[in-house]
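Okay, so here's the structure we're looking at.
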There are 2 protein chains.
Amino acid sequence: MGYAHAMRDEVDDLSEAWAHERPDLDLGPVEIFSRLSRLSRHLDLARRDAFSTSGIESWEFDVLAALRRAGDPYELSPGRLLRETLVTSGTMTNRVDRLAARGLVERLPDPADRRGVLVRLTPDGKATVDSAFEALLAAEREFLAGLSGDQQSQLTDLLRRLLVPFSG
Amino acid sequence: MGYAHAMRDEVDDLSEAWAHERPDLDLGPVEIFSRLSRLSRHLDLARRDAFSTSGIESWEFDVLAALRRAGDPYELSPGRLLRETLVTSGTMTNRVDRLAARGLVERLPDPADRRGVLVRLTPDGKATVDSAFEALLAAEREFLAGLSGDQQSQLTDLLRRLLVPFSG
DNA sequence: TCGGTTTCTCTTGACGTCAAGATATCTTGA
DNA sequence: TCAAGATATCTTGACGTCAAGAGAAACCGA
């Protein structure tokens, strides 16, 4: 356990370079947020990899997963979907078009609102997203190999503290 | 101190929904990586805000900061810049074009390699990136308001452990 | 010294996203 | 009942990125 003192990553180099150029600044935030950004990028690549085995792309998973989480009958409005996935309406129209063309979702008229549409997971879409989610979890578990169970809990707690102000 | 038990964020909802639909899966990784992704998105927005005060965009800062960190005379090759910022060569050509048009960098022939070019920060570019970096640090410090100094150190250490496998 | 390979930068074409706007429908209050 | 505003979805045009490849120059082993 430990060896923290011996570990060095790319951000240590970056931070050291900044410290040399701007010794007047406190670089504490950089140590955290540069790592967070870079991890997020690496994570995106790992996700892409994991999903390619299941034959889908990351954006497809984002939409399918939102529908899957909604539970039976696995349907949400485009508006709800774009709020869940943080994209604009034009993007969501395009995504649903392509997912429908692949047979992973279908568009239904909303019986309660004639302006509205419901996007529903097909059986094929459900099988696809379930298999992709399992592949994702496996890939993410590898990502976490360097952390003990305790450390994983600590990290979860610390990240939640940062995220809470944005939730609500 | 504490109150961790009382905190709840958007990922707790997401995770709960998954747990309801897939009680057979261990969702530990989701608790960490969904938060990491979302924090990264919020961070991007905060960066954009911070930079808009200095009159630049995030992608401009990324390039200018790499040059600034290089130290006097603040010049790097396009190839080095694209490796630092993780974009493709076509993208870097476009970025340097636009930064040069704004007078923040200039292109010089590389005296040591006639294929090559050096991108150098202008005095204007240096002043711009310095002011933007200070604004960024201020914004990031606010982001960290919910964490004690000890917690910030813990988080830095845990993130470094995750990042080390990708460095080197 | 010469030929093949590597390295460096820029160009091109396709694609996904966004912002703004159009259209259709619903809701609300007078 | 009706008009005004809100809401839901789709359409359009512009833009930045990427992947692939072209062209020029450098490197290196024979």
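In what follows, chains are A, B, ... by sequence order, proteins preceding strands, each numbered from 1.
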Any residue of residues 87-96 of chain B with a heavy atom less than 4.0 Å from an atom of DNA chain C: B:Ser89, B:Gly90, B:Thr93
Between the CD atom in B:Glu60 and the CZ atom in B:Arg98, the distance rounded to the nearest 0.5 Å is 7.5 Å
So how far is it from B:Lys126 NZ to B:Asp130 CG, rounded to the nearest 0.5 Å? 6.0 Å
Is it true that B:Arg48 and B:Asp44 have a side-chain N and a carboxylate O under 4.0 angstrom from each other? no
Need one value for A:Arg98: base, sugar-phosphate or nothing, where a base atom within 4.0 Å counts as base even if backbone is also close, heavy atoms only. sugar-phosphate
Give A:Arg107 one of three labels, base, sugar-phosphate or nothing, depending on what nucleic acid heavy atoms sit under 4.0 Å from its own. sugar-phosphate
If you assign A:Asp97 and A:Arg115 each to the DNA chain D nucleotide with the nearest heavy atom, which residue ends up on the more 5' nucleotide? A:Arg115
B:Phe133-B:Phe51 aromatic ring centre distance below 6.0 Å: no
What is the separation between atom CG on B:Asp110 and atom P on D:dA24, rounded to the nearest whole Å? 19 Å
Across all chains, not counting sequence neighbours, the side chain to side chain contact (heavy atoms under 4.5 Å, CB included) partners of A:Asp49 are none
For C:dA30, the Watson-Crick or wobble counterpart (both distances under 3.5 Å): D:dT1
B:Arg80, CZ atom: more than 12 neighbouring heavy atoms under 6.0 Å: no
